[in-house]
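For reference, the structure is listed below as structure tokens.
Chain identifiers are assigned alphabetically (A, B, ...) following the order of the sequence lines, protein sequences preceding nucleic acid strands; residue numbering begins at 1 within each chain.
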Amino acid sequence: MNQQDLAIQARGLSKKFRVGVRLKVSEALMGLDLDVPRGEVFGFLGPNGAGKTTTIKILVGLLKPDSGHAKIFGQTLPHVHIRKKIAYLPELPDFYDYLRPSEFLFHCGRLFGMDTPTLKRRVPELLERVGLDPSEKRPMRKFSKGMLQRCGIAQAMLPDPDLYILDEPMGGLDPLGRRWVKDLIGELSEAGKTVFFSSHVLAEAQAVCHRVAFLNKGKLIAQGTTREFLAADAGTWEILVLGDEALKDKEIKAAVSSTRPAGPDSLLALAHDQAPEQVLPLLAQKGYKLMGVERRHASLEDVFIRLIKNDTAQNHTGQGEEKKSQEP
Amino acid sequence: MRAILSVAATAFRESIRNKTMLAIVLLAVGFIISALLLAELALDQRTRVILDWGLFCVSAFGVLLSILIGVSQVQKELRRKNLYVILTKPIYRWQYIFGKYLGLGATLLVELGVLSAALIALLAFEGIAPSQLLFQSLVLALLEILLVAAMAVFFSSFSSPYLSGVFTFSIFVVGRSLPVLEKLMDKTQNAAAYALLKVLVWGLPDLSEFNKATRVVHKLPIGWDHVGISAAYAFGYSAVLLLLSALIFSRRDIT
């Protein structure tokens, strides 16, 4: 991809922290490469502790990488002026105790270099857009998490920037709040903005992302378009078996990709390259009663779980081999 | 400059509306008024007791407020991730530190103004006209408080609020006792102790020069040149501390 087509480009980003009393080294990021095209909604996904927030903090200039570099719209970080083009929302923000939302937005606007007449027009407009009363007189310490999140999004939108970097924008929100954020991301995408966000809410990410990247233990394990991932994962089979005995059957568990309870019954999920014919004879032989066999739609959650499991298994194998090679 | 003023205005609004700080200011006013009770015990020393106790309260509560507000300025915003939002705007970190200090200074100026007004009102109630000496002493108290606030901002740019508070208060105590340390330095025979005392005397701010309550009480003159030199000393020392804070803060990771 041409560099000019990229909103964010990261190459070899690494970051270590020293934690605990003994200052043990913890590798938060290990050589991360990332390409986020302009005008796309990009989901940055991974389990807790994967390094998502560390990456975001490097991109917005709060952290300095130990090695590697990142560019925003082609400009190498850290660059103060590039921040005019970036809207950033941290995870679960909590703002000033005694300031009203309009005062807070005026402050943020001035830091963005906006003049007073523009702010007088823009602040009430934005407060209304995020669903807060422009004449709100309560200080922000009396706000709920959802209201603070809306305030946070309003401050990010002030200068109408080209790039939105949102850290867990749906975290801590109720279903209505999540829906609102999802719709907003959709609107920003329609307006041609680039939205880069981290999330645990994979169903919402699947609904809005053009492209996703999966991060695990500081390493990028996959990146591509949502469509590619879903197409690659589509078509896996699920078998519903009467009763929960199959969940405890070691032979059955070994024969399928995963098992989980489905009410009082057992749901057996087959691996991507497995056909039901490979498992059905075993079930019949063991006397399990079939309730249904169906090909199901792929979801980012499945992709996420598969990728994380594979990566964890590979790491274990790698460690095992490493151990073996160290043995005399 | 716009960014610095915006940070300063926000810091001022946030501190001046803080209910805990307001309670401390009211408590301080109560303590100043309690000089009337102490004066009852002093018989013919009434004016001296009111002045002595009043100036002590202004200075002590001023220092307390400057430490409390100063150490929480940066760290509170960091804990709440508010700082993340501010520092990712197109401003330099040194602008943030200077803005915070300006806001803190404005808050302390107002709060010290209230305490001074309470003391002057009390003196007026007693039929005592405020003297030039009193004003000079209050200006020196303000300068000392601004210097202590710069120390608090300096420590909070790299350590926790609790540690910053302990460090700032310790330096305040040692800074007020520098003449004693100088005497100790002259008397000590131990080379290591001498070296340590010399470092302390040379490096720490001499806050004893800002505490002139005794001269006010005994009506001994304080020259304007002393006030001027003290102001230059306080602003110079504060500027160095703020530059160091900005340097440290600019290089640190915001985790």
Side-chain angles (χ1 to χ4, degrees), chain A residues 15-19 28 53-54 56-66 78-100 103-116 119 139-141 148 151-152 155-156 158-159 161 165 167, chain B residues 1-23 68-69 72-100 102-104 107 110 160 246-255:
Chain A
K15 185 72 188 171
K16 288 176 189 162
F17 292 108
R18 292 193 174 271
V19 291
T53 298
T54 302
I56 287 179
K57 281 185 175 178
I58 289 174
L59 294 177
V60 296
L62 292 172
L63 293 178
K64 290 185 184 82
D66 294 332
H79 200 296
V80 169
H81 298 294
I82 198 71
R83 294 193 198 139
K84 276 190 181 172
K85 295 182 182 173
I86 306 175
Y88 165 63
L89 175 74
E91 184 183 3
L92 299 176
D94 192 0
F95 303 118
Y96 298 97
D97 271 341
Y98 297 93
L99 249 55
R100 293 192 285 272
E103 290 175 325
F104 173 59
L105 292 193
F106 264 85
H107 174 43
C108 292
R110 287 196 185 102
L111 297 182
F112 269 123
M114 297 166 77
D115 58 33
T116 308
L119 283 169
M140 287 190 289
R141 72 176 189 281
L148 286 171
C151 245
Q155 64 79 27
L158 265 170
I165 297 180
D167 194 0
Chain B
M1 196 61 192
R2 228 172 108 84
I4 295 179
L5 289 178
S6 187
V7 173
T10 303
F12 176 74
R13 277 199 195 108
E14 189 69 0
S15 311
I16 214 82
R17 293 176 188 171
N18 188 317
K19 291 205 166 68
T20 312
M21 298 307 149
L22 183 66
L68 286 179
I69 308 174
S72 64
Q73 284 285 320
V74 177
Q75 292 296 333
K76 194 174 159 191
E77 290 203 5
L78 180 59
R79 203 178 61 238
R80 315 181 125 204
K81 298 180 185 169
N82 199 9
L83 191 62
Y84 296 0
V85 168
I86 302 304
L87 293 183
T88 49
K89 302 280 181 285
I91 68 162
Y92 292 98
R93 292 193 188 175
W94 67 263
Q95 291 177 308
Y96 174 80
I97 290 288
F98 278 79
K100 275 281 169 195
L102 267 186
L104 175 60
T107 310
V110 170
S160 70
L247 195 69
I248 294 167
F249 197 60
S250 300
R251 285 161 183 259
R252 70 171 280 193
D253 278 342
I254 307 294
T255 48

* Asked: Is a side-chain N or O of B:Arg80 found less than 3.5 angstrom from the main chain of A:Pro93, in a donor-acceptor match?
  -> no
* Asked: At a heavy-atom separation under 4.5 Å, does A:Lys15 approach chain B through its side chain, its backbone, both, or neither?
  -> side chain
Listing, residues 81-90 of chain B side-chain donor-acceptor contacts under 3.5 Å, not counting sequence neighbours, or none:
unit_1	atom_1	unit_2	atom_2	d
B:Lys81	NZ	A:Glu91	O	2.9
B:Tyr84	OH	A:Lys57	NZ	2.9
B:Tyr84	OH	B:Thr255	O	3.1
B:Thr88	OG1	B:Tyr84	O	2.7
B:Thr88	OG1	B:Val85	O	3.1
B:Lys89	NZ	A:Gln155	OE1	2.6
B:Lys89	NZ	B:Val85	O	3.1

* Heavy-atom distances under 4.5 Å only: say whether B:Glu77 touches chain A with side chain, backbone, both or neither. => side chain
* Do A:Tyr96 side-chain atoms and B:Arg13 backbone N/O form a donor-acceptor pair below 3.5 Å? -> no
* **Salt-bridge present (A:Asp94, B:Arg79; N to O < 4.0 Å)** => no
* B:Lys76, part contacting chain A, at a heavy-atom distance under 4.5 Å -> side chain
* Structure fact -> The reported gap from CZ in A:Phe104 to OG1 in B:Thr10 (rounded to nearest 0.5 angstrom) is 9.5 Å
* Asked: What residues form a salt bridge (Lys or Arg N to Asp or Glu O under 4.0 Å) with B:Arg252, not counting sequence neighbours?
  -> none
* Asked: Ion pair present between A:Arg141 and B:Glu14, side-chain N to carboxylate O less than 4.0 angstrom?
  -> no
* Asked: Would A:Leu111 and B:Arg2 satisfy side-chain contact (heavy atoms from CB on, under 4.5 Å), going step by step from the backbone distance to the final call?
  -> CA-CA 8 Å; A:Leu111 297 182; B:Arg2 228 172 108 84; over 6 Å; no
* Asked: How close do A:His107 and B:Ser6 get, heavy atom to heavy atom, and via which atoms?
  -> ND1-OG, 2.7 Å
* **Ion pair check, A:Asp97 and B:Arg17, cut-off under 4.0 Å** => no
